[in-house]
Amino acid sequence: MENKEHYKKLFSSSNWEYETLKAADEITSKIGREKFKLSTYPNQIEIVTSEQMLDAYSLIGLPTSYPYWKFGKDFVVNQNNYSKGRQALSYEMVINSNPCISYNMENNSTTMMVLVIAHACQGHNAFFKNNYMFKDWTSADSIIDYMVFARDYVLRCEEDFSHGEVEAVLDACHALMNHGVDKYKKPQKLSATRERNRLKRLADVKRQNYNELWRTLPVDLIPQKKEDEEHAKFPIEPEENILYFIEKNAPTLPIWKRELIRIVRKVAQYFYPQGMTKVMNEGFATFMHYHIINEMFEQGYIDDGFMLEFIHSHSSVVFQPEFNSPYFSGINPYALGFNIFMDIKRICQDPTEEDRKWFPNLIGKNWLDEVHYAMENFRDDSFVLQYLSPKVIRDMRLFLIADFEEEEEYEISAIHNERGYRKIREALSDQYKRAFYVPDIQVDKVDLHTTSKLHLVHQIVDDKRLDPREAQSTLEHVRYLWEFPVELTSKNKLGINEEVYQCD
Amino acid sequence: MSNIIDRRKNSKGKSLNNRQKFLKRVEGQIKKALPEILSQEKIKDSHNGGKVKVPVKGIKEHSFSHDPGSGNKNIVRPGNDKFVEGDRVPKPKQGRGSGRGKGSNSPEITEDEFVVELSREEFLAYFFEDLELPNMVKKYMQSTDSFKNRRAGYVKYGVPSRLNVKTSYQQSLARQIALKGAFQQKIKELEEKIKKEKDKEKKKMLQDELEERKKHMRTIPFFEEVDLRYNNFEKVPLPTTSAVMFCIMDVSASMGFHEKDIAKRFFTLLYIFLTKQYKNVEIVFIRHHTVAKEVDEEEFFNSRESGGTVVAPSLELMHKIIRERYDVDQWNIYCCQATDGDVWSDRDAVDCGRIVERDLLPVIQYMAYLEINDHDIDGSLWQVYSRFKEKAQFSMRNIYDVSQIWPVFKGLFRKNKVLEES
């Protein structure tokens with residue numbers, strides 16, 4: 001009991017010390033582990049200044065990255081906004097690594113520190129470790145090593161070749177970053193050592209193969225390709241990962257450029273789950289800090305003053321401005337995620353008639369198990385489609401606007417009523433699908449025997465066309481990497497070409 | 001087990017490298033914006049440190065994206081307060097509306113507002129990048145490795161030839177006094193004890209100890225290793241890295257506020273340029289109407305005079321000051337003369353030409369003559385000076401508008417000026 005008084009004193013002081021953080025970390029992990037069955041990576045909590053936070057922003061949280069001007073630009077943008085007061089820095093930033101590194105701002109109050117530790121070091125950390133997207137698509141163990149490898153490799157390329165050329169390759173890769181992700185095929189685990197060994201092996205093979213004698217072999221000895229094989233379409237199946245395709249199949253690209261493509265591709269792959277689970281990730285972390293702090297209060301670790309400050313910050317985190325409010329900037333992922341998770345808990349504990357109809361398999365279950373199940377096995381679009389309940393739709397008063405290109409007016413096609421629930425749920429789920437913001441562009445074929453021309457195909461979905469200027473500029477980047485002419489065709493549902501972009 | 005690390009003490013500026021890369025990327029735009037910034041800025045500020053803001057445009061990163069205006073979209077929004085199913089709402093005017101949904105962490109910033117802040121150092125580096133004072137190489141190159149040893153206190157270790165006897169002796173004295181003091185106190189105590197002591201045996205023992213102490217005191221070494229002090233020398237750059245800049249301005253009634261302003265800006269430019277190149281830059285201000293006078297900066301720019309114009313005395317004064325104060329071997333001398341081109345008489349102009357040719361050009365690095373007027377006819381000073389045009393050390397320009405300052409300055413000091421003009 002005396003111990004708790006000690007903690008209470010620690011947490012109610014307005015200044016935090018090393019001891020405060022240590023206590024916060026110990027207690028939150030204990031509660032997280034024992035009460036909420038959270039399994040986490042070890043935590044590495046770093047206290048940083050605002051300037052260091054800006055550094056972290058520009059590298060998207062990674063402790064190190066390859067040198068590139070875009071990161072510098074992001075830094076300048078953030079710094080400008082921060083110094084002008086247009087943008088506040090977040091209280092924390094956390095990255096998916098093992099140990100799980102989180103950056104906490106030095107000017108957080110004690111309450112905020114505890115909140116942030118519960119939020120990031122328990123909530124996000126557990127999410128990174130257990131969600132299937134992160135488990136299958138990223139390797140938390142090796143990302144830091146890999147980034148060090150990437151940085152060294154890019155630095156060496158800059159030395160061996162030229163800054164300008166390295167920059168041009170990186171520019172092109174970054175333009176295609178959204179198209180450098182395997183969405184269906186799970187990638188190999190990253191490993192810096194393996195990458196290094198692979199490079200070495202590549203050099204060996206190349207050396208061994210380099211022998212002029214091979215060219216002098218009489219033609220008859222070279223096995224002739226069969227006729228139909230030669231005219232076969234290449235690639236046989238369309239390839240969604242454009243960067244991967246170029247890396248593997250660009251006819252004359254030097255090896256170092258292929259390696260640069262590979263690095264950007266791996267980074268894109270690493271961040272892919274992050275973009276696909278924003279609502280869930282933030283929602284779960286918020287749900288967890290809410291429960292952990294409340295549990296701390298119940299167990300007597302913290303006092304009323306702490307709770308008041310906590311409730312204030314928590315409610316501003318999950319605040320959802322309405323569509324016509326000047327503060328509105330889309331749906332707040334914290335709010336949506338938190339609401340859905342809270343509702344899962346409610347349905348398990350205290351279901352209504354409506355819930356029995358909508359979520360028969362949640363009724364009477366242990367809420368914690370169901371929350372864990374949801375957190376582990378979904379991503380934003382499937383999560384919304386599975387768990388967005390009529391109650392949450394009503395509470396947030398969600399409504400659906402149909403914005404058709406040829407119409408003069410918007411139509412309100414669904415509101416929070418019996419007929420609207422399903423429609424809203426489906427539309428919201430679609431909104432979190434990658435196809436909503438990344439156009440569906442795939443490698444269709446290569447003219448192997450004539451011009452080596454690369455054909456890309458854009459499938460038009462919902463009549464959404466490409467921004468023509470962006471398409472042309474980006475295509476030039478593709479041209480730069482492929483080193484031969486490229487062509488991009490927009491095809492509509494019927495497979496008819498609507499638009500053709502060329503770059504010779 | 002968790003780890004808590006305080007990173008606040010870690011080095012800052014992790015993004016410095018990337019920032020440099022970014023600056024390089026927008027270099028062209030920064031350079032383009034410089035003259036404009038210069039003409040807007042208060043000249044006095046330009047000496048001080050601080051930041052310069054350069055607007056940057058068009059650093060968009062391309063990617064395949066949807067045309068925001070196209071397509072059929074279903075958008076979910078929160079906070080319905082009045083709509084029922086089937087309501088129709090007019091679309092806002094083109095260019096707004098859709099495509100605004102972004103996460104709470106990423107407020108959107110349009111590229112037009114994008115501003116880069118340069119430190120003064122960076123600013124000046126861009127500013128003077130492709131400029132170089134034509135004749136500067138001569139002394140500047142020599143000066144970079146010409147150093148002089150200057151005394152800088154004493155050190156405890158050194159070669160015997162640098163032993164400083166006086167200071168070492170002082171140290172020794174101090175040590176001896178300190179040690180003697182301690183012994184003397186002991187001796188005093190012993191003597192007193194001996195006085196009080198009755199027992200012969202013990203007295204004898206104390207006496208022996210006393211002798212021992214006295215012997216110790218006599219044998220304090222005269223010099224110990226710790227006493228030795230050696231002269232220390234420090235390398236200092238020779239004053240050839242110094243430059244003096246003469247600003248000569250006509251303050252007769254014909255020079256109005258506008259003319260003075262231009263002159264001032266031009267002098268300031270020259271000054272910051274010289275401070276980039278030299279460690280130590282001095283300025284001498286000479287103003288003249290009918291008489292020439294050396295003044296301080298305040299008076300140079302601000303006080304008002306009237307009367308006619310005689311130029312030659314100012315050049316004579318400059319020559320005099322050089323002889324008295326600035327040894328030609330050690331100083332790089334620059335001169336910038338600004339007038340409105342009017343002179344009292346042709347005689348005066350001829351005098352000026354003579355002084356410049358005979359006394360000044362042989363000793364100075366560079367002289368710039370700036371005529372601030374919009375006349376089409378060349379003044380007599382201009383005519384006289386025209387014959388120096390061929391000389392690498394001499395440049396002359398005509399200027400009448402603030403916006404011309406930078407191009408003119410550039411023209412005056414461009415690298416390989418001689419080549420370009422010929």
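Numbered from 1 within each chain, the chains take letters A, B, ... in sequence-line order.
Distance check, rounded to the nearest 0.5 Å: CD1 of B:Ile5 to CD1 of A:Ile47 gives 9.5 Å. The NE2 atom of B:His66 lies 11.5 Å from the OH atom of A:Tyr437; values are rounded to the nearest 0.5 Å. Annotation: the span from B:Ile4 atom CD1 to A:Asn104 atom CG amounts to 9.0 Å, rounded to 0.5 Å. Between atom OG of residue B:Ser70 and atom CD of residue A:Glu406 there is a gap of 11.0 Å, rounded to the nearest 0.5 Å. To the nearest 0.5 Å, atom CG of residue B:Asn3 and atom CD1 of residue A:Ile45 are 9.0 Å apart. Remark: B:Leu16 CG to A:Asp55 CG distance equals 9.0 Å, nearest 0.5 Å.
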Stepwise side-chain contact (heavy atoms from CB on, under 4.5 Å) test for B:Val76 and A:Phe399: CA-CA 6 Å; B:Val76 178; A:Phe399 65 108; over 6 Å; no
Derivation and outcome, ring-ring contact (aromatic ring centres under 6.0 Å, His included), residues A:His179 and B:Phe64: CA-CA 9 Å; A:His179 303 277; B:Phe64 289 125; 5.5 Å; yes
Working for salt bridge (Lys or Arg N to Asp or Glu O under 4.0 Å), residues A:Glu405 and B:Lys91: CA-CA 10 Å; A:Glu405 195 181 350; B:Lys91 288 187 186 181; over 6 Å; no
Chi angles and distances behind the side-chain contact (heavy atoms from CB on, under 4.5 Å) call for A:His163, B:Lys21: CA-CA 10 Å; A:His163 285 263; B:Lys21 279 185 184 298; 3.7 Å; yes
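Under the 4.5 Å side-chain criterion, counting only non-hydrogen atoms from C-beta, A:Phe404 is not in contact with B:Lys73.
With chain B as the partner, the residue from A:Leu54, A:Ile415, A:Val438, A:Val461 showing the most heavy-atom pairs under 4.5 Å is A:Ile415. Annotation: maximal heavy-atom pairing with chain B below 4.5 Å, among A:Glu409, A:Glu322, A:Lys423, occurs at A:Glu409. For the set A:Gly420, A:Pro63, A:Ser102, A:Ser325, the count of heavy-atom pairs under 4.5 angstrom toward chain B peaks at A:Pro63. Of the listed residues A:Asp467, A:Ile412, A:Asn178, the one with more heavy-atom pairs under 4.5 angstrom with chain B than any other is A:Ile412. Note: A:Ala175 leads A:Pro468, A:Ala175, A:Cys121 in heavy-atom pairs under 4.5 Å with chain B. Across B:Val84, B:Asn80, B:Asp67, the residue that shares the most heavy-atom pairs under 4.5 angstrom with chain A is B:Asn80. The choice from A:Arg469, A:Met177, A:Gln320 that makes the most heavy-atom pairs within less than 4.5 Å of chain B is A:Gln320. When B:Arg19, B:Lys9, B:Lys24 are compared by the number of non-hydrogen pairs under 4.5 Å with chain A, B:Arg19 comes out ahead.
The six-membered or imidazole ring of B:Phe83 lies near that of A:Phe323, with a centre-to-centre distance under 6.0 Å.
Proximity to chain B is limited to the side chain of A:Gln431, based on heavy atoms less than 4.5 angstrom apart. For chain B, the nearby part of A:Ile441 is the side chain; its heavy atoms alone come within less than 4.5 Å. Contact annotation for A:Val478: only side-chain heavy atoms (C-beta onward) come within less than 4.5 Å of a heavy atom of chain B. When heavy atoms are compared at a cutoff of 4.5 Å, A:Leu176 approaches chain B solely by way of its side chain, counted from C-beta outward. Interface remark: A:Ser58 contributes side-chain atoms only to the contact with chain B (heavy atom separation under 4.5 Å). For a residue to count as touching a neighbouring chain, one of its non-hydrogen atoms must lie under 4.5 Å from one of that chain's; by this rule A:Gln44 touches chain B with backbone and side chain alike. Looking at A:Leu488, only its side chain comes within 4.5 Å of chain B, counting heavy atoms on both sides. Neither the backbone nor the side chain of A:Ile460 comes within contact range of chain B, judged by heavy atoms closer than 4.5 Å. A:Pro439 touches chain B through backbone and side chain together, each having a heavy atom under 4.5 Å away. For A:Asp171, the part lying under 4.5 angstrom from a heavy atom of chain B is the side chain only. In this structure, chain B has a heavy atom under 4.5 Å from the side chain of A:Asn417, while its backbone stays farther away. Interface remark: A:Tyr103 contributes no atoms to any contact with chain B (heavy atom separation under 4.5 Å). For a residue to count as touching a neighbouring chain, one of its non-hydrogen atoms must lie under 4.5 Å from one of that chain's; by this rule A:Glu51 touches chain B with the side chain only. For B:Asn17, the part sitting under 4.5 Å from any heavy atom of chain A is the side chain, from C-beta outward, and nothing else. Residue A:Ala172 does not touch chain B at all, counting heavy-atom pairs closer than 4.5 Å. For B:Arg25, the part lying under 4.5 angstrom from a heavy atom of chain A is the side chain only.
Scanning all heavy atoms of the two residues, the minimum distance from A:Pro67 to B:Asn18 falls at CA-OD1, 3.3 Å. Here the closest heavy-atom approach between residue A:Thr474 and residue B:His62 is recorded as OG1-CB, 3.7 Å. Closest approach of B:Pro78 to A:Pro321, counting heavy atoms only: CG-O, 3.9 Å. Counting all heavy atoms, side chain and backbone alike, B:Arg77 lies closest to A:Ile401 at CG-CD1, 3.7 Å. A:Asp463 and B:Asn72 make their closest contact through OD2-ND2, 3.4 Å (heavy atoms, listed as atom of the first residue, atom of the second, distance). Contact between A:Asp403 and B:Ile75 at its shortest, heavy atoms only, is CB-CD1, 4.1 Å.
Dense packing is recorded around CZ of B:Arg8, with more than 12 heavy atoms of other residues, nucleotides or ligands lying under 6.0 Å away.
Under the 3.5 Å distance criterion, the side-chain polar atoms of B:Asn74 are left unmatched by any main-chain donor or acceptor of A:Ala402. Counting only distance, with no hydrogens or angles, the side chain of A:Lys464 and the backbone of B:Pro68 share no donor-acceptor pair below 3.5 Å. For the pair A:Gln52 (side chain) and B:Arg7 (backbone), a donor-acceptor distance under 3.5 Å is present.
For A:Asn281, the side-chain hydrogen bond (donor to acceptor under 3.5 Å, both in side chains) test picks out A:His124, with sequence neighbours left out. By the salt bridge (charged side-chain N to carboxylate O under 4.0 Å, His left out) test, A:Glu19 pairs with no residue at all, sequence neighbours left out.
Side-chain polar atoms of A:Asn324 and B:Asp81 form a donor-acceptor pair below 3.5 angstrom.
One finds a salt bridge joining A:Arg419 and B:Glu85 here, because a Lys/Arg side-chain nitrogen approaches an Asp/Glu carboxylate oxygen to under 4.0 Å. Look at A:Lys73 and B:Glu61 and you find a salt bridge, because one of the NZ, NE, NH1 or NH2 atoms lies within 4.0 Å of a carboxylate O, short of that distance. Look at B:Arg88 and A:Glu407 and you find a salt bridge, because one of the NZ, NE, NH1 or NH2 atoms lies within 4.0 Å of a carboxylate O, short of that distance.
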